[in-house]
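See structure below.
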Amino acid sequence: MALLHRATLRPTKIDLLATWLPGRPWYRGSADADLVSRGAYRFDDPAGAVGIETILVGAADGPVHHVPLTYRDAPLNGAEDWLVGTTEHSVLGTRWVYDGCADPVYAAALAHAILAGAGQAEQYFEVDGRRELREPSVTVVASDGGLTDVPPVGAVRSVADDDRTVIGTDSVELVVVRRPGVGVDGGVGAGLSGSWDGQPTSVPLAYARVR
C-alpha cells in the first residue's frame, strides 16, 4: 500500500525530468520538448521511509520513457551520479529524487513485485482521517513469478544504463525496459508488463531473475 499526500511540489516531477531526461543515453527526443506524463505506478517500501514511483513520460509526438524514481528525505550515499534533483514537498519538506535503478530500495521492491507476483501497490489518499483509494493510471501485471521466498536483494552492485538498464545485485539481476512498446523486447526471467491510456495492450516493463 502506498499512502499519498495531497501536496504541491516545487519544482514539479515533470520539471525535474525535463532537465534530467535529455541527458540519459536511452532518451529519444528533443532536449527542449514539452514532456507529458502518460501515467504512473508505485511500489511500497516496507519500512515506509522511501517513496517509490515509476513515471511513464514523453513528448506528445515521441516515444514513452519508463522512469523509476525514489523520493528520500536525505541524500543517498554514493548515488550522486543518479540524482535527478531536489524538490520541496509542501507536507514532507525537501525530497531528494533519484533514478530508482541505482537505489537498493527500488531494486528490492521491483524484485518482490516480479518474483513474488505482487505487482504494484494500491494507492490511497488520507482524507479527514479516512483512506480514499486512488485509481491507478497504469495497469501492471507480473507474470511467471510466485516465489514464496524472494532472496534479499541488498546493495546495488552495478547499473548498466542503456535502452534496457541492467541492475546487478548479489542475489538478483533486474532489467528495466526504458522505452516500452518500441520494437520487440525479449527478456530473461520473470516479467512485469503494463498498459496505460494510449497503450491498450500490455507491453514489457521489467524482468527479474535469481542468480
Side-chain angles (χ1 to χ4, degrees), residues 17 20-21 23-29 38-45 50-58 62-70 76 78-79 81-84 97-121 136 138-196 199 201-211:
L17 290 176
W20 176 83
L21 195 56
R24 304 308 98 197
W26 38 268
Y27 175 73
R28 298 294 180 270
R38 305 298 185 185
Y41 63 95
R42 286 183 176 259
F43 297 141
D44 180 46
D45 171 19
V50 178
I52 309 170
E53 181 179 30
T54 298
I55 299 177
L56 294 154
V57 63
V64 172
H65 299 83
H66 183 219
V67 188
L69 298 173
T70 55
L76 175 59
D81 291 343
W82 304 95
L83 180 67
V84 176
V97 183
Y98 289 92
D99 180 345
C101 291
D103 194 318
V105 173
Y106 170 75
L110 180 61
H112 180 75
I114 298 175
L115 296 174
Q120 66 185 311
V138 178
T139 300
V140 172
V141 177
S143 62
D144 301 325
L147 290 183
T148 57
D149 188 17
V150 177
V153 169
V156 171
R157 301 299 184 186
S158 63
V159 182
D161 202 25
D162 209 327
D163 288 352
R164 298 194 309 168
T165 298
V166 181
I167 306 166
T169 76
D170 290 337
S171 60
V172 176
E173 182 181 82
L174 302 159
V175 176
V176 174
V177 180
R178 288 301 199 170
R179 296 194 308 279
V182 177
V184 177
D185 195 283
V188 177
L192 190 75
S193 299
S195 60
W196 55 92
Q199 179 60 53
T201 58
S202 191
V203 293
L205 297 173
Y207 300 95
R209 68 178 180 89
V210 177
R211 291 186 180 275

Quick one: does Arg179's side chain have a donor or acceptor within less than 3.5 Å of a partner on Trp26's backbone?
yes
Can you pull the salt bridge (Lys or Arg N to Asp or Glu O under 4.0 Å) pairs that have at least one residue in residues 107-119, sequence neighbours excluded?
none
Counterpart residues, side-chain contact (heavy atoms from CB on, under 4.5 Å), relative to [X] (two or more places apart):
X	answer
Pro151	Ser171, Val172, Val210
Val64	Arg38, Leu56, Trp196
Ala102	Trp82, Val159
Ala108	Val153

Restricting to side-chain hydrogen bond (donor to acceptor under 3.5 Å, both in side chains), what partner residues turn up for [X], sequence neighbours left out?
X	answer
Asp99	Arg178
Ser158	none
His65	none
Thr54	none

Stepwise, does the side-chain contact (heavy atoms from CB on, under 4.5 Å) test hold for Val176 with Leu110?
CA-CA 9 Å; Val176 174; Leu110 180 61; 4.0 Å; yes
Can you tell me how far the CD atom of Glu53 sits from the OH atom of Tyr41, to the nearest 0.5 Å?
10.5 Å
Between CD1 of Ile52 and CD of Gln120, what distance do you get to the nearest 0.5 Å?
13.0 Å
Go through the structure and list residues passing salt bridge (charged side-chain N to carboxylate O under 4.0 Å, His left out) with Arg157, not counting sequence neighbours.
Asp170
Shortest non-hydrogen contact from Phe43 toward Ala113
CE2-CB, 3.6 Å
